[in-house]
Amino acid sequence: MTDLTTLPLFVLLPVCFLGGLFIGYGYFRALRETAKILVNGGEPLRAIALTLGRISLLATGFFMAVLFGGLALLAAFAGVLCAKWIMLRRMGDIQT
């Protein structure tokens with residue numbers, strides 16, 4: 001079996017960045033759904049479940065990135081920030 005920590009950086013960093021994009025998209029999508037539920041007076045248990053789910057998704061993703069080192073963690077964080085930018089950009093396009 002291959003040890004993933006032996007992967008070269010030019011392979012590991014883009015994988016962590018794409019993982020951060022995926023995690024960030026899921027996090028901010030769940031945040032948007034949670035806000036929609038709270039504003040519309042929906043089910044509070046669903047909002048709590050979404051909140052716990054998105055926090056655990058983010059924590060698990062960052063923990064996995066930490067196992068690969070500091071640069072991998074920074075790449076994953078950059079992916080999350082890019083996902084935030086994409087989601088905010090999309091929301092700006094929808095509102096105008």
Side-chain angles (χ1 to χ4, degrees):
M1 182 173 240
T2 306
D3 187 14
L4 294 177
T5 58
T6 61
L7 288 174
L9 281 179
F10 69 87
V11 174
L12 184 64
L13 293 181
V15 168
C16 286
F17 179 78
L18 290 175
L21 273 175
F22 175 75
I23 290 167
Y25 180 78
Y27 180 86
F28 291 110
R29 177 77 181 173
L31 179 64
R32 189 166 90 187
E33 290 301 316
T34 303
K36 226 185 268 188
I37 290 170
L38 293 176
V39 168
N40 294 332
E43 300 172 3
L45 287 178
R46 185 168 179 221
I48 291 171
L50 278 172
T51 301
L52 291 176
R54 67 185 161 93
I55 289 172
S56 64
L57 174 72
L58 193 66
T60 303
F62 282 155
F63 177 73
M64 289 177 62
V66 161
L67 295 177
F68 296 120
L71 288 176
L73 178 63
L74 288 174
F77 183 64
V80 170
L81 288 180
C82 285
K84 177 184 173 184
W85 180 78
I86 290 168
M87 292 294 284
L88 287 175
R89 183 99 171 164
R90 185 178 299 170
M91 289 300 294
D93 290 343
I94 291 171
Q95 290 178 357
T96 56

What heavy-atom pair brings S56 and G53 nearest, and what distance separates the two atoms? OG-O, 2.9 Å

Give the minimum heavy-atom separation between A83 and G24, together with the two atoms involved. CB-C, 3.6 Å

Same apolar cluster (I L V M F W Y, side chains within < 4.5 Å links), F17/L71: no

Value for CD (E43) from CG (L50), rounded to nearest 0.5 Å, stands at 10.5 Å

Exactly one candidate in F62, W85, Y27 meets side chain to side chain contact (heavy atoms under 4.5 Å, CB included) with V80; the answer is F62

Kindly determine whether T34 and R54 satisfy side-chain contact (heavy atoms from CB on, under 4.5 Å), including the steps that lead there. CA-CA 10 Å; T34 303; R54 67 185 161 93; 4.1 Å; yes

Check the pair I86 / Y25 against side-chain contact (heavy atoms from CB on, under 4.5 Å), numbers first and verdict last. CA-CA 8 Å; I86 290 168; Y25 180 78; 5.9 Å; no

Determine the minimum heavy-atom distance between L21 and C82, stating which atoms define it. CD2-CB, 3.8 Å

Between T60 (side chain only) and L57 (backbone N and O only), is there a donor and an acceptor less than 3.5 Å apart? no

What's the verdict on side-chain contact (heavy atoms from CB on, under 4.5 Å) for F28 and L88, showing C-alpha distance, side-chain angles and the deciding distance? CA-CA 9 Å; F28 291 110; L88 287 175; over 6 Å; no

Which distance, rounded to the nearest 0.5 Å, do you find between the CG of L13 and the CG of L18? 11.0 Å

Approximate separation, where rounding is to 0.5 Å, of K36 NZ and R46 CZ: 9.5 Å

Tell me whether the count of non-hydrogen atoms from other residues, nucleotides or ligands lying under 6.0 Å of CE in M64 goes above 12. no

Once rounded to the nearest 0.5 Å, what's the spacing between atom CG of L58 and atom CZ of F77? 9.0 Å

Which heavy atom of A72 sits nearest a heavy atom of L12, and at what distance? CB-CD2, 4.4 Å

Which residues pass the side-chain contact (heavy atoms from CB on, under 4.5 Å) test with I55, sequence neighbours left out? T51

Of all heavy-atom pairs linking F68 and C16, the shortest is CD1-SG, 4.4 Å

d(R29 CZ, M87 CE) to nearest 0.5 Å is 6.0 Å

